Amino acid sequence: DDRFYNNIFVQKGSGDSKVVMHDSDTGTDSENRMVGTFVFDDYPTYDEWFSQFDFSKPANMKALEPAHFGHLPVWSEGNVYLGGAKPYKKEKHAVVNEAPVEIELKESNGKYTLKTNIYELFAVNEGSSPFKMIDTEILGTAFEPEQLFEDTDGTPIRFDRDYFDDHRGETVIPGPFAKAELRGLSRTSILL
């Protein structure tokens, strides 16, 4: 169940695909430093995966072997990819901007301030957001348990609150905050 909705992916640095590290038994390790959902490019959407099955006749398990041992579906919609981060090639409503990203986290007297230009790199107009409020209906049924994504008490889940427990409102923006401007601070400074 790989489902990605309303996330912000930020590529740090050049995104060289391999970084040599010196902490293994052999003296080197390789690590993927590329950011985004592009790693799922070879995975099917749900509709592509489901189309492999013909429920009008008895199952031929040998013929269905590629479906059973192949990749499971991926859901990806409304994510933002900044600074070189790359989207899943079948994603709906992806926003891509390769402009430089500024992110700075400062601590002063036990309080943290995030200074960033992230919200300037993708525009969301009030009342016309391409991004959806994520809830049980959108998330659907989990693959293995065949159960809905729901709250711990069994009620439908709705991700309508942000990091500060503020309501997201009608215009949904990706990421942890309901609005780019928060609590009287400037567009680029957010008190955490």
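Just so you know, residue 1 is the first one in the sequence shown, and it goes up from there. In this text, all values refer to a predicted model and were calculated from it rather than measured experimentally.
The aromatic rings of Trp49 and Phe53 lie perpendicular to each other, with more than 60° between the two planes, well past the 30° mark.
Under a cut-off of 6.0 angstrom, the local environment of CD in Glu137 is sparse, with at most 12 non-hydrogen atoms contributed by other residues, nucleotides or ligands.
Residues Ile157 and Thr136 share a closest heavy-atom pair of N-OG1, 2.6 Å. Minimum heavy-atom separation, Pro176 to Tyr119: CD-OH, 4.1 Å. Considering every non-hydrogen atom in both His71 and Asp42, the closest pair reads CD2-O, 3.6 Å.
A distance of 9.5 Å separates OH in Tyr46 from CZ in Phe143, rounded to the nearest 0.5 Å. To the nearest 0.5 Å, atoms CG (Asp166) and CZ (Phe177) are separated by 10.5 Å. Taking NZ of Lys106 as the start and CG of Leu114 as the end, the distance is 12.0 Å to the nearest 0.5 Å. How far NZ of Lys115 is from CG of Leu105: 13.0 Å, rounded to the nearest 0.5 Å. One finds the CG atom of Asp160 at 5.5 Å from the CE atom of Met133 (value rounded to the nearest 0.5 Å). Atom CD1 in Ile173 sits 7.0 Å away from atom CD1 in Ile8 (nearest 0.5 Å).
At a threshold of 4.5 Å between non-hydrogen side-chain atoms, the residues Arg3 and Tyr5 count as touching. The shortest side-chain heavy-atom distance between Val35 and Val10 does not fall under the 4.5 Å cut-off. Contact check for Phe122 versus Asn97: no side-chain heavy atoms found under the 4.5 Å cut-off.
When the side chains of ILVMFWY residues are joined at heavy-atom separations under 4.5 Å, either directly or via intervening members, Phe9 and Ile134 end up in two distinct hydrophobic clusters. The hydrophobic clustering, which links ILVMFWY residues whose side-chain heavy atoms are closer than 4.5 Å, places Phe69 and Leu72 apart.
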ask   = Does the pair Phe159 and Leu139 meet the rule for a side-chain contact (heavy atoms from CB on, under 4.5 Å), with working shown?
value = CA-CA 11 Å; Phe159 294 98; Leu139 291 173; 3.9 Å; yes
request  = Could you go through the side-chain contact (heavy atoms from CB on, under 4.5 Å) check for Asp162 and Arg168 one step at a time?
outcome  = CA-CA 7 Å; Asp162 74 354; Arg168 289 194 176 272; 4.1 Å; yes
request  = Output, in order, the C-alpha distance, side-chain angles, deciding distance and verdict of side-chain contact (heavy atoms from CB on, under 4.5 Å) for Val95 and Phe131.
outcome  = CA-CA 10 Å; Val95 174; Phe131 309 107; 3.7 Å; yes
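Although no hydrogens or angles enter the test, the distance criterion places no donor-acceptor pair under 3.5 Å between the side chain of Asp1 and the main chain of Ala142. Judged by distance alone, the side chain of Glu65 and the main-chain N or O of Lys62 form no donor-acceptor pair under 3.5 Å. No donor-acceptor pair under 3.5 Å is formed between the side chain of Thr141 and the backbone N or O of Leu148. Between the side chain of Asp47 and the backbone N or O of Phe50, no donor-acceptor pair lies under 3.5 Å.
Remark: Glu107 engages no residue in a salt bridge (charged side-chain N to carboxylate O under 4.0 Å, His left out) (not counting sequence neighbours). Not counting sequence neighbours, the partners of Asp151 by the side-chain contact (heavy atoms from CB on, under 4.5 Å) test are Asp153, Thr155.
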Distance-only donor-acceptor pairs under 3.5 Å for side chains of residues 78-92, two or more places apart:
from: Asn79; atom 1: OD1; to: Asn6; atom 2: N; distance (Å): 3.2
from: Asn79; atom 1: OD1; to: Asn7; atom 2: N; distance (Å): 2.7
from: Asn79; atom 1: OD1; to: Asn7; atom 2: ND2; distance (Å): 3.1
from: Asn79; atom 1: ND2; to: Phe4; atom 2: O; distance (Å): 3.1
from: Asn79; atom 1: ND2; to: Ser76; atom 2: OG; distance (Å): 3.3
from: Asn79; atom 1: ND2; to: Glu91; atom 2: OE2; distance (Å): 3.1
from: Tyr81; atom 1: OH; to: Thr37; atom 2: OG1; distance (Å): 2.7
from: Tyr81; atom 1: OH; to: Glu91; atom 2: OE1; distance (Å): 2.4
from: Lys86; atom 1: NZ; to: Gly84; atom 2: O; distance (Å): 3.2
from: Tyr88; atom 1: OH; to: Tyr43; atom 2: O; distance (Å): 2.8
from: Lys90; atom 1: NZ; to: Tyr43; atom 2: O; distance (Å): 3.2
from: Lys90; atom 1: NZ; to: Glu48; atom 2: OE1; distance (Å): 2.9
from: Glu91; atom 1: OE1; to: Ser76; atom 2: OG; distance (Å): 2.9
from: Glu91; atom 1: OE2; to: Asn79; atom 2: N; distance (Å): 3.0

